[in-house]
Number of protein chains: 2
Amino acid sequence: MQAFSIGELAAKSGSKVETIRYYERIGLMAEPPRTAGGHRVYGPKHNKRMRFIRRSRELGFPIEEIRALIDMEEREDGACEEVRLLALEHLGRVRSRIQDLTAMAQVLCETADHCAEGGSTRCPILDALSVES
Amino acid sequence: MQAFSIGELAAKSGSKVETIRYYERIGLMAEPPRTAGGHRVYGPKHNKRMRFIRRSRELGFPIEEIRALIDMEEREDGACEEVRLLALEHLGRVRSRIQDLTAMAQVLCETADHCAEGGSTRCPILDALSVES
DNA sequence: GCTTGAACCTGTAGTCGCTACAGGTTCCAT
DNA sequence: ATGGAACCTGTAGCGACTACAGGTTCAAGC
């Protein structure tokens with residue numbers, strides 16, 4: 001049963017020391033045992049948990065949903081459907097955000113092109129910003 | 001020269017009262033004159049400025065860049081090229097964010113599909129979350 | 001002129017997910 | 001025994017608002 005420090009856990013899990021402490025503070029990571037001097041001591045389970053959290057964050061899940069995902073995982077029973085619903089809901093939000101950003105990119109791109117054409121005396125980008133929704 | 005209250009400015013410009021006060025606090029909106037009793041009094045210029053800010057925010061520009069855009073607009077000289085550079089830089093960030101989100105959406109979509117197929121005893125989404133980067 | 005109550009005022013704290021200190025202690029290799 | 005890297009706690013800051021609390025002013029109706 002190998003044991004390691006918070007710095008090593010950070011390295012293994014691809015996160016940062018402060019982030020791990022933050023997750024502990026908000027109750028996402030369990031409080032680990034300590035050395036006599038008060039340093040945190042971690043094991044493989046903590047590493048697994050941290051990787052799970054990091055991966056979930058990479059997929060854009062907010063902390064509270066990761067908390068829920070962890071609960072579902074620990075229940076071990078058929079929470080799969082529940083997980084799927086959560087993931088699909090999240091997917092919906094991600095796609096909606098993509099749409100928003102795509103609309104932004106299009107306007108930016110179009111107005112910047114106008115700029116390049118140089119057909120106007122005034123700046124087309126500033127003009128676009130002054131116009132109705 | 002029509003004058004109006006902060007609530008009316010919020011309605012006209014499509015923003016909120018608190019947001020307008022916030023913009024004033026951080027120096028993005030000029031301090032307006034006040035009534036004897038201390039209520040803010042706005043005119044068309046404030047409305048124009050608020051619309052400019054709101055539109056810029058809709059396009060995703062951060063506050064500090066909006067501050068710069070306003071400066072450029074007020075200079076009135078040929079700041080167009082500078083504006084264009086700022087817009088293109090921002091466009092780059094937006095596109096990069098779209099890529100990130102698209103990658104997230106793809107993973108979410110694929111794993112949720114696996115789920116639907118039901119070929120695994122364990123939840124494929126939770127499995128995906130437990131896996132390396 | 002008086003009374004309501006909606007809209008306004010200031011100031012502060014909370015949101016999310018970290019990140020960055022400051023000021024101190026512990027660990028471990030030499 | 002010593003030095004310095006890594007750890008500890010606690011707090012403040014980021015961006016862009018939002019949401020109070022507790023008070024004051026305005027304007028419409030009687």
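The sequence lines fix the lettering, A, B, ..., with proteins before strands; numbering per chain opens at 1.
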Enquirer: Is any NZ, NE, NH1 or NH2 atom of the basic residue among B/Arg49 and B/Glu73 found under 4.0 Å from an Asp or Glu carboxylate oxygen of the other?
Expert: no

Enquirer: Find every protein N or O atom lying less than 3.5 Å from an N or O atom of nucleotides 18-21 of chain D, and list the pairs.
Expert:
{"from": "D/dT18", "atom 1": "OP2", "to": "B/Thr19", "atom 2": "OG1", "distance (Å)": "3.3"}

Enquirer: Taking for each residue the nucleotide of DNA chain D with the nearest heavy atom, is it B/Phe61 or A/Gly7 whose nucleotide lies nearer the 5' end?
Expert: A/Gly7

Enquirer: Between B/Gly37 and A/Gly38, who's closer to the 5' end of DNA chain C by nearest nucleotide?
Expert: B/Gly37

Enquirer: Can any side-chain N or O of A/Ser96 pair as donor or acceptor with the backbone N or O of A/Gly92 at less than 3.5 Å?
Expert: no

Enquirer: Under 4.5 Å between any side-chain heavy atoms of B/Ile53 and B/Ile70, yes or no?
Expert: yes

Enquirer: So, is A/Tyr23 close to the C/dG17 phosphate, meaning a side-chain N or O under 4.0 Å from OP1 or OP2?
Expert: no

Enquirer: Salt-bridge test for B/Arg21 and B/Glu24: reply yes if a basic N is under 4.0 Å from a carboxylate O, no otherwise.
Expert: no

Enquirer: Starting at CZ of A/Arg54 and ending at P of C/dC18, how long is that distance when rounded to a whole Å?
Expert: 12 Å

Enquirer: Output the rounded distance in Å from CD (B/Glu24) to C1' (C/dG11).
Expert: 14 Å

Enquirer: Provide, to the nearest angstrom, the distance between the CD1 atom belonging to B/Ile66 and the P atom belonging to D/dA16.
Expert: 8 Å

Enquirer: Identify whether B/Leu85 and B/Met72 are in the same connected component of the hydrophobic contact network (ILVMFWY, side-chain heavy atoms under 4.5 Å).
Expert: no

Enquirer: Can you check the B/Arg40 CZ to D/dT24 C1' distance for me, whole Å?
Expert: 13 Å

Enquirer: Can you tell me the distance, in whole Å, between the CZ atom of B/Arg34 and the C1' atom of D/dT25?
Expert: 13 Å

Enquirer: Over how many whole Å does the gap from B/Ile26 atom CD1 to D/dA16 atom C1' extend?
Expert: 8 Å

Enquirer: Any side-chain N or O of B/Thr35 under 4.0 Å from OP1/OP2 of D/dT25?
Expert: no

Enquirer: Find the distance A/Arg67:CZ to C/dG17:C1' and express it as a whole number of Å.
Expert: 12 Å

Enquirer: A/Leu28 has an atom CG; how far is it from atom P of C/dC16, in whole Å?
Expert: 13 Å

Enquirer: Which residue, A/Pro62 or B/Ile6, contacts DNA chain C at a nucleotide closer to its 5' end, judged by nearest heavy atom?
Expert: B/Ile6

Enquirer: Could you give the distance from CD (A/Glu18) to OH (A/Tyr22), rounded to the nearest 0.5 Å?
Expert: 13.5 Å

